[in-house]
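Have a look at the structure below before the remarks.
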Amino acid sequence: MPPVRLVNLTKKFKEVTAVDHINLEVKHGEILTLLGPSGCGKTTTLRMIAGLLIPDEGEVYIGDTDVTHLPPEKRNIGMVFQSYALWPHMTVFDNIAFGLKLRKLPKSNIRSKVKEVLELVRLEGFENRYPRQLSGGQQQRVALARALVLEPQVLLLDEPLSNLDAKLREEMRFEIRDLQRKLSITTIYVTHDQAEALALSDRIAIMNQGKIMQVGKPEDIYEKPANVFVASFIGIGNFIEGVVEKIDDNTALVRTEEGLMLKAQSINVTKGDKVKVLVRPSHIRLAEGETQDNVFEATILKKTYLGDEIDYRITIGNNTLRMILPNDINFKVNEKIRIWLDPKKIMALKG
Amino acid sequence: MNKVNVIKKILPFTLILPSFLVMLFLYLYPFALSILKSFMDDQGRFTLKYYEEAFSSYKQDIFFSFWISLLSMFVSTFIAIILAAYLRLSNTPFKPIINSIYRFPLFIPMVVVAQMMRTFLAPHGLLNLMLLQMGLINIDYPPWFFDWKGMLIGFVWKQTPFMVLIILGGFQMIDDSLIEAARCVGANIFKMLVNIMLPLARASIAIAMILIFASNISTFTLPYMLIGGATPTTITVDIAHRVTYFGDWGTANALGVVSYLMVGAFAIYYLREVVRRSVYVQE
C-alpha cells in the first residue's frame with residue numbers, strides 16, 4: 001500500500017475548479033514535490049491531504065485507510081506551515097510537547113522525546129524560549145520538530161522556506177533533505193520555487209490549473225518535459241514553432257514558418273502536429289565544420305555580462321533565443337555567428 | 001528652549017483639552033463629589049455614619065448585587081465563548097443566520113428587557129406554560145422567577161451578545177494556521193479551543209468580563225421591575241429608595257462608592273491577571 005494515494009481528487013471554490021480530478025501515488029519514504037505557479041492548486045491539494053479541506057469529489061488514502069472525511073486530528077499526519085504557526089503563548093518545549101500531551105504520554109517520555117527531536121533539528125537548549133525570541137530559521141526548525149515528534153505517517157510541508165531570506169533558504173533545503181533521508185519519512189512538499197524542487201525532490205509533480213501535468217524524477221522533468229508548460233516552467237527554455245514533417249525513430253523533422261528545417265527528439269508527437277521545439281540555452285553550441293544538420297546562421301541581438309558567463313539574445317530567422325556561453329568567448333552585438341542545435345537534446349513538444 | 005519649541009510641546013495638549021474638560025466636568029467632578037459627599041454630614045464634617053447605615057441595613061443586598069452580577073457574568077461568558085467559537089470556526093449554512101440574529105438583544109434597552117422578562121417569567125407566563133406542557137411543573141404552584149433566577153435570565157439574555165462581539169473580535173485576531181496546526185497535531189475542536197484559542201484571546205475575554213460585570217452591577221431597571229423592594233434586591237434599587245423616599249443622599253452615595261469599589265477591585269484583579277500571564281504579547 002502506498003502511504004498516500006489520491007483518487008480523482010477534486011475541489012471547487014464557487015465557479016473555480018482549484019483541483020481537477022487528480023490521481024497521485026506517493027511512494028514509501030520518498031519526498032515528492034507539488035510544484036506549480038500560484039493558483040495551480042498545489043496548496044489546496046496538500047490541505048485536502050491534511051484534512052483541512054474536504055474534497056468535492058474523489059478520495060484520499062493514507063496507508064490503506066480512506067481518510068477523505070476524517071478530521072485532521074484523526075489522520076496521523078505532520079504539517080509544517082508557511083507561517084510556521086508556532087503558538088506564541090507556549091515555549092518551544094510546550095509547542096513540541098502539545099501533540100504528545102494530547103496522546104497522554106507519560107511526562108518523562110514526553111521530555112525525552114522532545115529532547116531527542118530538538119537534537120535532530122539542532123536546537124538543543126532552546127526548550128524555554130518563546131517563538132518570538134527565535135529567528136525565522138529557528139522557528140521553522142521548531143515547526144518541523146513539532147511535526148516530526150509525533151512520528152507521523154506522512155509529513156506535509158506547505159512552502160516552508162518562502163519566508164526565509166535567500167541564503168538561509170538554500171541552507172534549509174539541504175537540511176530538510178538530509179533530515180527526510182535520515183528518518184526516511186514519506187514527505188509531500190509544496191513549493192513554487194523550481195530550484196528548491198529540483199534540489200530536494202525524489203519526484204516532482206508539476207501542476208497547472210488544478211491538473212497534474214507531469215510526475216517524474218527531477219532529471220526526467222527537466223530533460224523530458226511532457227509538454228510546453230512543463231518545459232517553460234522548469235529551467236530556461238527557448239521555443240521555436242513549427243510543423244512536424246516526418247518522424248524517424250524518435251527524431252522529428254520540424255519545418256518552421258520561414259522554412260528552416262530542425263531535427264529534434266520527438267516527445268509524444270506525430271506527423272502533421274503543430275509543435276514547439278524546446279531549446280535550452282545549454283543545447284546551443286557554436287558550429288564547427290560544414291555538413292551537419294541543425295546548423296544555422298544567427299545574429300547577436302543583445303548581450304548581458306553575468307560574471308562567469310555571458311547571456312546572449314540571438315536571432316535565427318524570426319526566432320529570438322537565449323544562449324549562455326562562458327565569458328572567454330566574447331561576441332559583439334550584431335556579429336553573425338554559426339550555431340548548432342544538438343538534435344539529440346532539443347525536443348519537439350505538442351503546443 | 002526657545003518659544004517655538006515650547007509651543008510645539010504645548011500644542012498637542014491643547015488639542016485634547018476640550019475633551020478633557022468635558023470629562024472633568026461631566027464625569028470626574030460628579031464622581032469625586034459623590035465620594036466626598038459620602039463622608040460628609042449635613043454640616044460638612046467628616047463622618048462614617050452613612051457607611052454604617054449602608055452596611056447595617058443593606059449588607060445582604062450588597063452581597064446579592066455582587067454575586068448575581070458575577071454569576072450572570074460567568075454564565076454569559078460561557079455562552080458567549082461557545083457562540084463566538086462557533087461563529088469563528090463554522091462554515092455551515094446556519095452561520096450567517098446566527099450571525100445576524102445573535103445581535104438582536106444589543107438593540108433592546110434594558111427596561112424593555114425587564115418588561116419582556118416580567119411577562120415571560122410571570123407565574124402564568126410563557127416559560128411556566130412551556131414547563132407545564134413538558135409536564136415538569138404543577139401550574140397551581142408555579143415556580144417563582146422574580147428573584148435571582150429572573151435576574152440571571154435577564155442579564156444573560158441582554159449581555160451575552162455584547163460579549164460575543166468582543167470575544168469574537170479576539171478570536172478573529174488569531175491566525176487560521178495557529179488553529180489548523182493544533183488540529184494537525186491531534187487536538188479536537190474542544191482541546192484546540194481550550195489550549196489555543198482561549199489563551200490567545202485572553203485579553204478580549206477579560207475585557208468583556210469586566211465590562212459586563214460593571215454593567216450588571218450598575219443595572220437598575222431589571223432588578224427594580226423584577227424584584228423591586230423585596231429582599232434581597234440590588235444596591236441600585238436601594239440607592240433609588242434612599243433618594244426618592246428618604247432624600248438621604250449620604251447613604252445613597254455610600255452605597256454608590258461600595259459598587260465602584262467592587263467593580264474597581266474586580267477590574268484591577270482581572271487586568272493584572274491578564275498582564276501577568278500574557279508576557280508573550282509584548283515585543
Side-chain angles (χ1 to χ4, degrees), chain A residues 13 43 46-47 49-54 70-91 94-105 129-134 139 142-152 154-160 163, chain B residues 81-82 84-86 88-96 167 169-209 270-283:
Chain A
F13 294 115
T43 295
L46 193 77
R47 292 171 66 80
I49 300 170
L52 297 169
L53 278 177
I54 304 295
L70 286 185
E73 66 264 26
K74 297 205 171 135
R75 288 192 183 197
N76 196 15
I77 45 124
M79 175 105 176
V80 175
F81 293 81
Q82 186 175 0
S83 59
Y84 322 137
L86 299 180
W87 302 302
H89 60 298
M90 292 186 191
T91 60
D94 290 332
N95 263 281
I96 298 172
F98 184 54
L100 298 170
K101 285 178 186 162
L102 291 170
R103 284 163 181 71
K104 300 206 162 68
L105 263 63
R129 304 261 191 114
Y130 281 93
R132 71 193 145 85
Q133 297 167 318
L134 304 178
Q139 289 188 39
V142 176
L144 209 53
R146 180 175 68 185
L148 290 174
V149 79
L150 302 170
E151 295 164 32
V154 201
L155 180 63
L156 308 173
L157 300 143
D158 185 11
E159 308 229 9
N163 284 354
Chain B
I81 285 173
I82 292 172
Y86 173 79
R88 172 70 179 81
L89 299 171
S90 165
N91 277 319
T92 60
F94 300 111
K95 183 177 143 177
I167 294 171
F171 283 168
Q172 272 159 347
M173 302 273 285
I174 300 170
D175 195 88
D176 277 348
S177 67
L178 295 178
I179 295 168
E180 290 169 351
R183 302 294 304 277
C184 286
V185 300
N188 58 28
I189 293 205
F190 175 73
K191 291 261 167 64
M192 186 278 299
L193 183 68
V194 170
N195 291 290
I196 309 295
M197 280 171 70
L198 292 188
L200 288 175
R202 188 188 289 129
S204 309
I205 295 170
I207 287 166
M209 287 168 88
Y270 245 83
L271 288 176
R272 274 180 58 181
E273 276 297 283
V274 169
V275 171
R276 189 170 66 75
R277 289 203 219 154
S278 53
V279 259
Y280 67 89
V281 180
Q282 281 119 46
E283 284 175 41

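Chain letters run A, B, ... following the sequence lines, proteins first and then strands; every chain starts at 1. In this text the structure is predicted, and so the values were computed from the model without any measurement.
A distance of 10.0 Å separates CG of D158(A) from OG of S177(B), quoted to the nearest 0.5 Å. Distance check: W87(A) CH2 to N195(B) CG gives 9.0 Å after rounding to the nearest 0.5 Å.
Heavy atoms closer than 4.5 Å to chain B are found in the side chain of R103(A), but not in its backbone. When heavy atoms are compared at a cutoff of 4.5 Å, L156(A) does not approach chain B at all. No part of D176(B) comes within reach of chain A, as not one of its non-hydrogen atoms sits under 4.5 angstrom from that chain. Heavy atoms closer than 4.5 Å to chain B are found in both the backbone and the side chain of I77(A).
In this structure, E180(B) pairs ionically with R47(A), as a charged nitrogen and a carboxylate oxygen lie closer than 4.0 Å.
Between L102(A) and K191(B), the shortest heavy-atom distance links the atoms CD2-CD, 3.4 Å. Of all non-hydrogen atoms in F98(A) and A182(B), the two that sit nearest each other are CE2-CB, 4.2 Å. Taking every heavy atom of both residues into account, M90(A) and I196(B) meet most closely at CE-CD1, 3.7 Å. The two atoms that bring P71(A) and R183(B) nearest to each other are CB-NH2, 3.6 Å, heavy atoms only. Residue S83(A) comes nearest to D175(B) through the heavy atom pair OG-OD2, 4.5 Å, listed as atom of the first residue, atom of the second, then distance.
Counted within 6.0 Å of NZ on K74(A), heavy atoms from surrounding residues, nucleotides or ligands total 12 or fewer; the atom is thus considered open.
Of the listed residues (I179(B), N188(B), V185(B)), the greatest number of heavy-atom pairs within a distance under 4.5 Å of chain A belongs to V185(B).
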